[in-house]
Amino acid sequence: PTKSVATTLLGDDENKQIDVTHSAHAVNGGIVVDEWGATEIDGLFAVGETIAGPHGADRLGGGMISQSCVFGKRTGEKAASYSSEINSINDHHEEIQIRLEKFKNSNGPSYNTIRKELKTLAKDNLIVERNGKGLDFMDKRINELINEEIINSPFSRNISLIKNLETENLLTVAKLMVKSAKMRKESRGSHCRSDYQNIDNKSILHTIPISYSVDGANEILNPIGMHSSNLSVKTHLISASPSAVTKLIQSANEADIESD
């Protein structure tokens, strides 16, 4: 890092100035895999710091040996076995051509300018403490960068075009991270939402009363109109994990079913 990034002064001695900046270290969370490193996408395997699960909601410092070495060996063997059984060759030439043709080599901002803005967006809205307002702002801006700006970034050679493609990949990954953080309306592990500060293990969807107890008299089905000094109720709670509730709501909305 350079002093133009950030400088912390220790007293009045300029010789003790130290530079402070962000750097990529590890991914907390990531791709969901099974015990063989296989994802839900047929033929896609993942290992290392890209995967989620072995350490729960957070990442144990210095404890990446399971994701890297153990899963590396198991996943490598499984991926090799899978590849040896695949006889067909998938031709995605048309899809690749369509993607390349959308880059217009116009007078938009350079890929480097867009990457710098992405870093600033992530620093302000997606690093340690997050909230819905900041995530919504970042989501909107990333959509603009993907749909309006990176496709108009200039390039003179293939290497420049590759940089534009890689920048679009970075924007897409950032968009997925923002979407995931928006869906997670709780704080857990290193995911900290200032607007949802508590862990939400279960969301109560509905409460069904089974029976009531009035002053020690049990199994009363309807206590309305009765007088008592002690009222208790036996209920059945219908609950689900926050992620399951979110998926249910999304499915209902896609089916044009109104949901609260």
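The structure presented is a predicted model; accordingly, all values stated were derived computationally and were not measured.
- Between atom NZ of residue Lys78 and atom OH of residue Tyr82 there is a gap of 11.5 Å, rounded to the nearest 0.5 Å.
- Of all non-hydrogen atoms in Glu149 and Ile114, the two that sit nearest each other are C-CD1, 3.9 Å.
- Considering CG of Leu145 and CG of Leu171, their distance stands at 5.5 Å, rounded to 0.5 Å.
- Here the straight-line distance linking atom CD1 of Ile127 with atom NZ of Lys119 works out to 11.5 Å at 0.5 Å rounding.
- At distances below 3.5 Å, at least one donor-acceptor pair connects side-chain atoms of Ser153 with backbone N or O atoms of Pro109.
- Among the candidates Glu94, Glu95, Glu101, the single residue satisfying the side-chain hydrogen bond (donor to acceptor under 3.5 Å, both in side chains) test with Gln97 is Glu101.
- Of all non-hydrogen atoms in Asp195 and Asn131, the two that sit nearest each other are OD1-CA, 3.6 Å.
- Within the 3.5 Å criterion, the main-chain N or O of Gly108 finds no donor-acceptor partner in the side chain of Ser106.
- Taking a 6.0 Å sphere around CG of Asn158, one finds it holds 12 or fewer heavy atoms contributed by other residues, nucleotides or ligands.
- Atom CG in Asn112 sits 11.0 Å away from atom CG in Asn164 (nearest 0.5 Å).
- A donor-acceptor contact shorter than 3.5 Å is absent between the side chain of Asn125 and the backbone of Met138.
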Stepwise side-chain contact (heavy atoms from CB on, under 4.5 Å) test for Glu85 and Ser81 | CA-CA 7 Å; Glu85 297 173 358; Ser81 175; 3.7 Å; yes
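- In this structure, Arg193 contributes its side chain and Ala181 its backbone to a donor-acceptor pair below 3.5 Å.
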For side-chain contact (heavy atoms from CB on, under 4.5 Å), just list the numbers for Asn105 and Leu161, CA-CA rounded to whole Å, side-chain angles, deciding distance to a tenth of an Å, and then say yes or no.
-> CA-CA 9 Å; Asn105 192 16; Leu161 176 57; over 6 Å; no
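- Across all non-hydrogen atoms, the minimal contact from Phe71 to Val47 is O-CG1, 3.4 Å.
- When all heavy atoms are compared, the tightest approach of Thr75 to Gly37 is OG1-CA, 3.3 Å.
- Within 6.0 Å of CD1 in Ile41 there are 12 or fewer heavy atoms belonging to other residues, nucleotides or ligands.
- The side-chain contact (heavy atoms from CB on, under 4.5 Å) test applied to Glu144 returns Lys140, Arg141, Glu148, not counting sequence neighbours.
- Hydrophobic clustering of Ile, Leu, Val, Met, Phe, Trp and Tyr side chains at less than 4.5 Å, counting indirect connections, unites Leu121 with Val173.
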Let me check something: any side-chain donor-acceptor pairs from residues 218-225 under 3.5 Å, sequence neighbours excluded? List them with distances.
residue : atom : partner : partner atom : Å
Asn218  : OD1  : Ser213  : OG           : 2.9
Asn222  : OD1  : Ile224  : N            : 3.1

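- Ser83 places a side-chain N or O within 3.5 Å of a backbone atom of Ala79 that can act as its donor or acceptor partner.
- Counting only heavy atoms from C-beta outward, the side chains of Thr39 and Ile51 never approach each other to under 4.5 Å.
- Residues Phe155 and Ser160 come closest through the heavy atom pair CB-CB, 3.4 Å.
- Evaluation of the side chain to side chain donor-acceptor pair (under 3.5 Å) rule for Asn143 yields Lys175 as partners, not counting sequence neighbours.
- Through side-chain heavy atoms spaced under 4.5 Å, either directly or across other Ile, Leu, Val, Met, Phe, Trp or Tyr residues, Tyr196 is tied to no other residue.
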Tell me, with the steps shown, if Ile142 and Glu117 meet side-chain contact (heavy atoms from CB on, under 4.5 Å).
-> CA-CA 10 Å; Ile142 286 180; Glu117 181 175 353; over 6 Å; no
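- Listed by first and then second residue, the salt bridge (Lys or Arg N to Asp or Glu O under 4.0 Å) pairs that reach into residues 161-172 are Arg99-Glu168, Lys102-Glu168, Arg115-Glu166, sequence neighbours excluded.
- There is a path of hydrophobic side-chain contacts, each under 4.5 Å, that joins Ile86 to Phe45.
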Is there a side-chain contact (heavy atoms from CB on, under 4.5 Å) between Leu44 and Ile31 once you walk through the steps?
-> CA-CA 10 Å; Leu44 177 62; Ile31 304 170; 5.7 Å; no
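- Between Asn152 atom CG and Asn147 atom CG the span is 11.0 Å, to the nearest 0.5 Å.
- For the pair Leu126 and Leu135, the minimum side-chain heavy-atom distance is below 4.5 Å.
- Taking the salt bridge (charged side-chain N to carboxylate O under 4.0 Å, His left out) definition, one finds that Asp136 meets it with Lys182, sequence neighbours left out.
- With hydrogens and angles disregarded, a donor-acceptor distance shorter than 3.5 Å links the side chain of Arg74 to the backbone of Glu35.
- By the rule that hydrophobic residues join a cluster once side-chain heavy atoms approach within less than 4.5 Å of another member, Leu170 and Leu100 end up as members of one cluster.
- Interatomic distance, Ile162 CD1 to Ile159 CD1, rounded to the nearest 0.5 Å: 4.5 Å.
- Of all heavy-atom pairs spanning Pro209 and Val233, the tightest one is CB-CG2, 4.4 Å.
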